[in-house]
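Structure first, then comments.
The figures here come from the full heavy-atom set of this structure, side chains too, leaving out hydrogens, waters and symmetry mates. Source: prediction; values computed, not measured.
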Amino acid sequence: MRHPDAPAPGEPLGAHYDQCFGCGDQSRGLGLSARAGEGVSVTADFTVGAGHQGAPGLAHGGVLAAALDETLGSLNWLQRVIAVTGRLETDFVQPVPVGTELHLEARVTAVHGRKIYCSAAGRIGSPDGPLALRAQALFIEVRVDHFIENGRAEEIDAALADPDQVKLARAFEVNP
């Protein structure tokens, strides 16, 4: 269920951590920006750039999987849980050329205990454009200790020392 304090439909979710490859302010990252959707769903747009190539002129499959994973991970904002990717199964339906704008949509399909099941799709050019890729995922709810115990000490210390408490809370709120 959508948490009562979740962002309203249409609201941008912003980066959960400024160093995140998916949604952070990284020069070589995806720069993905998600918006809250209806129910427990999110949408995001991603333009495939030249630095995202695998084969000449085509998006790298790992980059596309990362865009889906980031979009799926954004669902955690709507449930107000801390969760990490446990499994990500991706189907590549058709090649995605460089310069393509992908419209991504993800939704939670079920929750059982700490397990959050969700799905996503990426469409070319518009929200109802041709299907390019899709995914099924399992996220596992964790405690903030998961990141503190497993992250590199220098990044954890920097995040904890940040005087911007909103930034600090967001850094640990969802899968970095």
Side-chain angles (χ1 to χ4, degrees), residues 1-9 11-26 28-46 60-91 102 104-122 133-176:
M1 287 182 51
R2 185 186 192 101
H3 191 278
D5 295 332
E11 281 190 35
L13 301 179
H16 66 270
Y17 176 54
D18 61 0
Q19 296 300 306
C20 176
F21 173 79
C23 67
D25 189 21
Q26 295 287 323
R28 304 274 304 180
L30 302 180
L32 197 107
S33 176
R35 291 190 173 277
E38 297 293 330
V40 188
S41 71
V42 298
T43 60
D45 294 322
F46 168 61
H60 188 286
V63 169
L64 297 176
L68 286 171
D69 185 46
E70 185 65 35
T71 305
L72 289 156
S74 295
L75 291 166
N76 297 322
W77 287 113
L78 304 181
Q79 299 173 96
R80 303 294 294 234
V81 298
I82 303 170
V84 296
T85 309
R87 179 181 53 81
L88 176 65
E89 181 179 323
T90 307
D91 298 318
L102 276 178
L104 306 165
E105 183 174 356
R107 67 183 57 259
V108 170
T109 56
V111 176
H112 187 265
R114 294 177 42 225
K115 296 179 181 179
I116 303 163
Y117 298 91
C118 40
S119 63
L133 57 154
R134 62 181 168 242
Q136 299 290 320
L138 167 65
F139 279 74
I140 307 296
E141 188 173 349
V142 297
R143 293 173 19 162
V144 72
D145 297 350
H146 170 83
F147 303 106
I148 294 170
E149 292 168 2
N150 295 294
R152 281 192 343 171
E154 60 194 74
E155 280 88 359
I156 298 297
D157 291 345
L160 292 172
D162 191 328
D164 184 347
Q165 291 302 305
V166 171
K167 236 173 123 176
L168 173 63
R170 290 181 71 93
F172 290 106
E173 196 162 344
V174 297
N175 179 16

I need the minimum non-hydrogen distance between [X] and [Y], along with the two atoms involved.
X    : Y    : answer
A6   : W77  : CB-O, 4.2 Å
A36  : A8   : CB-O, 3.3 Å
G122 : L104 : CA-CD2, 3.5 Å
M1   : Q79  : O-CG, 4.0 Å
L13  : P7   : CD2-CG, 3.6 Å
R28  : F21  : O-CE1, 3.4 Å

Can you tell me how far [atom2] of [Y] sits from [atom1] of [X], rounded to the nearest 0.5 angstrom?
X   : Y    : atom1 : atom2 : result
C20 : E70  : SG    : CD    : 4.0 Å
L75 : S119 : CG    : OG    : 8.5 Å
D69 : T85  : CG    : OG1   : 3.5 Å
L32 : S74  : CG    : OG    : 6.5 Å

Residues two or more places apart in sequence or in another chain: which of them pass side-chain hydrogen bond (donor to acceptor under 3.5 Å, both in side chains) with [X]?
X    : answer
E141 : none
R2   : none
R35  : none
D45  : H103

Counterpart residues, side chain to side chain contact (heavy atoms under 4.5 Å, CB included), relative to [X] (two or more places apart):
X    : value
E105 : T43, R107
E89  : R87
T90  : A65, L68, L88, F92, A135

Stepwise side chain to side chain contact (heavy atoms under 4.5 Å, CB included) test for I116 and V108: CA-CA 7 Å; I116 303 163; V108 170; 4.1 Å; yes

Determine whether L72 and V42 satisfy the following criterion, side chain to side chain contact (heavy atoms under 4.5 Å, CB included), listing intermediate values before the conclusion. CA-CA 8 Å; L72 289 156; V42 298; over 6 Å; no

Report the residues that fulfil salt bridge (Lys or Arg N to Asp or Glu O under 4.0 Å) with R114, sequence neighbours left out, ordered by chain and then residue number. none

Is it the case that over 12 heavy atoms from other parts of the model lie below 6.0 angstrom from the CG atom of D25?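 No, because the 6.0 Å sphere around CG of D25 holds 12 heavy atoms or fewer from other groups.
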
Is there a side-chain contact between F139 and V84 (heavy atoms, below 4.5 Å)?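 In short, these two side chains do not touch, never coming nearer than 4.5 Å.
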
Please evaluate residues V142 and V81 with respect to the criterion side chain to side chain contact (heavy atoms under 4.5 Å, CB included), reporting the C-alpha separation (whole Å), side-chain torsions for both, the decisive distance (0.1 Å), and the verdict. CA-CA 8 Å; V142 297; V81 298; over 6 Å; no

Begin from the C-alpha positions of F46 and L30 and carry the test side chain to side chain contact (heavy atoms under 4.5 Å, CB included) through to its verdict. CA-CA 7 Å; F46 168 61; L30 302 180; 3.7 Å; yes

